[in-house]
Amino acid sequence: MDTTLKINGEERVLQADPRTSLLDALRHHLGLTGSKKGCDHGQCGACTVIVNGRRINSCLTLACMHDGDEITTVEGLGTPEALSPMQQAFVTHDGYQCGYCTPGQICSATAMLEEVAQGWPSHASADLSGGMELTDAEISERMSGNLCRCAAYPNIVDAIRDAAGKGER
Amino acid sequence: MKPFEYLRAADRGTARRDAAMPAAAYIAGGTNLLDLMKLEVMQPERLVDINRLDMKSVETTGEGGLRIGALVTNSDLAAHETVIADYPLLSRALLAGASGQLRNKATTGGNLLQRTRCYYFYDTAMACNKRDPGSGCAAIGGATRLHAILGASAQCIATHPSDMAVAMLALDAEVEIEEESGETRRIPLREFHTLPGDTPHIETVLPQGALITAVHLPAPAGGTQIYRKVRDRASYAFALVSIAARVTLEDGKIAQVALAFGGVAHKPWRDPEVEKALIGKAPSRALFDTAADILLADARGQGDNDFKIPLVRRTLRAVLTEATGGAG
């Protein structure tokens with residue numbers, strides 16, 4: 001079946017079996033291999049992309065369910081010549097070792113800061129009604145859907161804190 | 001994943017008609033269904049995509065309560081200002097569940113219908129009466145850390161995994177459904193999920209083809225609200241035990257109390273006898289232990305999960321102590 005997706009600002013028409021996950025559509029059908037397949041069951045976060053402004057696991061959704069949706073992958077956040085602030089912060093703070101989880105971490109962190117800006121509370125927030133400070137505990141809780149088996153977590157938290165502090169994403 | 005026909009519903013009538021066909025399933029967030037379809041634990045032949053239906057709003061009702069559309073995401077509900085102000089334990093329960101990515105997809109209706117995370121249900125090489133009725137239960141006598149201590153049967157010892165539903169049970173929620181005929185009715189959440197008995201493949205009283213359209217919360221009852229979740233890691237893990245509590249004190253005595261328990265049974269668990277034992281009494285450790293005795297009178301461990309029995313008792317004591325201002 002045909003599905004029209006607006007990916008990184010560009011309209012793409014996907015022809016694929018309805019079983020195709022959004023992740024497989026991006027990687028295998030559309031050549032966008034930045035998003036990674038880790039567990040393929042929504043447990044690791046390596047496949048995280050931003051759909052209509054919200055981070056989701058692209059492995060746990062069907063591409064055909066996203067007809068007309070706007071999708072941002074790590075390729076759409078910045079380029080090697082012009083990194084996004086979050087991408088630059090990961091480079092500056094060495095927020096990775098093998099790098100496999102990194103595209104998912106960066107997409108997730110980028111959208112997470114938007115959630116914070118909208119005042120969404122988290123399990124780590126003492127007060128549900130917003131205005132929380134983005135402490136390391138808040139960053140860890142809000143990023144718990146992105147695993148890093150190299151355990152680069154301290155540097156990932158440093159990178160996100162840095163990108164958040166600059167007030168830009 | 002087995003092949004299926006994909007049907008995108010433009011309106012509720014079409015959705016119900018399509019879902020009435022054999023081996024059809026609704027798909028909303030899909031975070032649990034697609035996981036299970038990849039493993040071929042679930043094999044629907046038709047997927048009815050309801051994501052375009054108009055069920056995404058949260059509205060105040062004429063009775064002063066809240067009507068939560070079935071497609072409201074867990075993220076939106078947790079951050080909703082009325083939920084935060086009047087039903088904070090629901091917000092807390094939602095935030096204690098899953099991950100940021102999953103909460104952005106998971107819906108209110110879907111959360112109620114999510115399946116157990118019993119390892120044997122997920123492993124198609126294993127006997128499971130829930131997945132394959134009559135095949136047996138490999139969990140009994142197996143690894144049972146996540147399993148039930150209350151209301152289990154010789155056919156199934158699985159637990160319901162939801163945090164949201166536990167909070168909604170303590171809030172006396174009702175599930176609004178549309179039957180295949182188009183008739184709308186509400187089912188109290190306490191009657192919605194079923195115990196396994198001899199039919200563990202049946203998990204709710206939802207009729208075939210019926211569509212969950214909303215969840216209703218009654219007018220806010222106030223009181224101190226707590227959701228306490230005990231799990232194997234600090235974030236992004238299912239509950240070993242969870243407790244949703246709503247407690248109102250008057251003149252040093254417990255005037256109103258609602259307690260719902262997660263991680264202990266095939267459904268979110270609520271025991272009116274426990275609440276009766278607390279009402280009208282001054283909070284004390286002895287009282288909380290009496291409540292735990294009543295709750296756990298028929299509790300039975302399976303080996304690996306024996307620890308849940310003292311864990312429920314201690315968590316109940318901690319929650320009631322906090323809710324009553326440290327009196328325990």
Side-chain angles (χ1 to χ4, degrees), chain A residues 1 3 16-22 24 39-69 104 107-109 111-112 115-116 118-125 127-130 137 140-147, chain B residues 1-8 27-39 46-47 49-52 73 75-81 83-85 87-106 117 122 163 225 227 229 231 233-237:
Chain A
M1 63 182 295
T3 305
D17 186 285
R19 286 174 287 183
T20 311
S21 69
L22 179 58
D24 284 344
C39 68
D40 208 26
H41 285 277
Q43 297 174 6
C44 77
C47 68
T48 303
V49 301
I50 303 169
V51 176
N52 299 335
R54 298 210 169 167
R55 54 178 170 157
I56 66 165
N57 300 114
S58 63
C59 74
L60 274 193
T61 194
L62 299 172
C64 61
M65 293 164 70
H66 292 280
D67 192 50
D69 284 355
C107 284
S108 185
M112 181 274 282
E115 295 169 3
V116 172
Q118 289 175 23
W120 287 14
S122 85
H123 179 66
S125 308
D127 181 0
L128 288 174
S129 52
S140 295
E141 166 59 29
R142 289 167 188 272
M143 293 296 293
S144 70
N146 290 85
L147 305 189
Chain B
M1 195 186 294
K2 301 279 191 195
F4 56 83
E5 184 184 5
Y6 173 77
L7 301 160
R8 185 182 297 141
I27 185 163
T31 54
N32 188 210
L33 178 58
L34 290 170
D35 183 25
L36 291 165
M37 285 172 65
K38 287 183 185 194
L39 296 166
R46 292 174 184 82
L47 274 192
D49 181 353
I50 57 171
N51 283 291
R52 314 271 160 151
T73 65
S75 294
D76 282 323
L77 190 56
H80 194 279
E81 58 179 4
V83 175
I84 288 172
Y87 310 94
L89 82 84
L90 175 55
S91 188
R92 286 286 177 198
L94 286 159
L95 294 170
S99 67
Q101 289 96 317
L102 291 169
R103 289 191 296 270
N104 278 341
K105 261 289 180 197
R117 264 51 174 203
Y122 263 75
D163 292 293
Q225 298 189 13
Y227 187 75
K229 180 175 181 178
R231 44 186 162 173
R233 58 184 181 212
S235 185
Y236 198 13

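Letters go in sequence order (proteins before strands), and every chain restarts at 1. Not measured: the values here are computed from a predicted model. Below, each value reflects all heavy atoms present in this structure, side chains not excepted, and no hydrogens, waters or symmetry copies.
Under the 4.5 Å side-chain criterion, counting only non-hydrogen atoms from C-beta, B:Ile84 is in contact with A:Pro121. In this structure, the side chains of B:Leu95 and A:Leu128 come closer than 4.5 Å at one or more pairs of heavy atoms.
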Quick one: do B:Lys105 and A:Val51 satisfy side chain to side chain contact (heavy atoms under 4.5 Å, CB included)? Show the steps, please.
-> CA-CA 10 Å; B:Lys105 261 289 180 197; A:Val51 176; over 6 Å; no
Derivation and outcome, side chain to side chain contact (heavy atoms under 4.5 Å, CB included), residues B:Asp76 and A:Trp120 | CA-CA 9 Å; B:Asp76 282 323; A:Trp120 287 14; 4.0 Å; yes
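Heavy-atom distances place no part of A:Asn52 under 4.5 Å from chain B, backbone and side chain included. Heavy atoms of B:Ala96 lying under 4.5 Å from chain A belong to its backbone as well as its side chain. Only the backbone of B:Lys2 comes within less than 4.5 Å of a heavy atom in chain A; its side chain stays farther off. For A:Glu115, the part sitting under 4.5 Å from any heavy atom of chain B is the side chain, from C-beta outward, and nothing else. B:Leu94 does not touch chain A: none of its heavy atoms, backbone or side chain, sits under 4.5 Å away. Proximity to chain B is limited to the backbone of A:Ser122, based on heavy atoms less than 4.5 angstrom apart. Residue B:Ala93 does not touch chain A at all, counting heavy-atom pairs closer than 4.5 Å. Only the side chain of B:Asp49 comes within less than 4.5 Å of a heavy atom of chain A; its backbone N, CA, C and O stay farther away.
If you take OG on B:Ser99 and CE on A:Met143, they are separated by 10.5 Å, rounding to the nearest 0.5 Å. Within the model, atoms CZ of A:Arg19 and CG of B:Leu34 stand 12.5 Å from one another, a figure rounded to the nearest 0.5 Å. Between atom CG of residue B:Asn104 and atom OG1 of residue A:Thr61 there is a gap of 12.0 Å, rounded to the nearest 0.5 Å. To the nearest 0.5 Å, atoms CG (A:Asp17) and OH (B:Tyr6) are separated by 13.0 Å. Rounding to the nearest 0.5 angstrom, the gap separating the CG atom in B:Leu102 from the CZ atom in A:Arg55 is 10.0 Å. Taking CE of A:Met1 as the start and CD of B:Glu5 as the end, the distance is 10.5 Å to the nearest 0.5 Å.
Residues A:Asp127 and B:Arg92 approach most closely at N-NH2, 4.2 Å, considering heavy atoms.
Every residue two or more places apart in sequence or in another chain that forms a side chain to side chain contact (heavy atoms under 4.5 Å, CB included) with A:Ser140 is listed here: A:Val157. When the side-chain hydrogen bond (donor to acceptor under 3.5 Å, both in side chains) test is applied to B:Tyr227, the partners found at least two apart in sequence or on another chain are B:Asp163, B:Ser242.
Enclosure of atom CD in B:Glu81 is not indicated, since only 12 or fewer non-hydrogen atoms of other residues, nucleotides or ligands lie within 6.0 angstrom.
B:Arg8 places a side-chain N or O within 3.5 Å of a backbone atom of A:Cys64 that can act as its donor or acceptor partner. For B:Lys38 (side chain) and A:Asp40 (main-chain N/O), a donor-acceptor pair under 3.5 Å exists by modelled atom type.
Heavy-atom pairs under 4.5 Å with chain A were tallied for B:Ala85, B:Gly97, B:Ala98, B:Ser75; the largest tally goes to B:Ser75. Each of A:Gly119, A:Cys59, A:Gly45 has some count of heavy-atom pairs under 4.5 Å with chain B, and the biggest count is that of A:Cys59.
A salt bridge does not link B:Arg52 to A:Asp67: none of the charged nitrogens lies less than 4.0 Å from a carboxylate oxygen.
Partner B:Gln101 forms a side-chain contact (heavy atoms from CB on, under 4.5 Å) with one of A:Leu60, A:Val49, A:Asn57 and no other, that one being A:Asn57.
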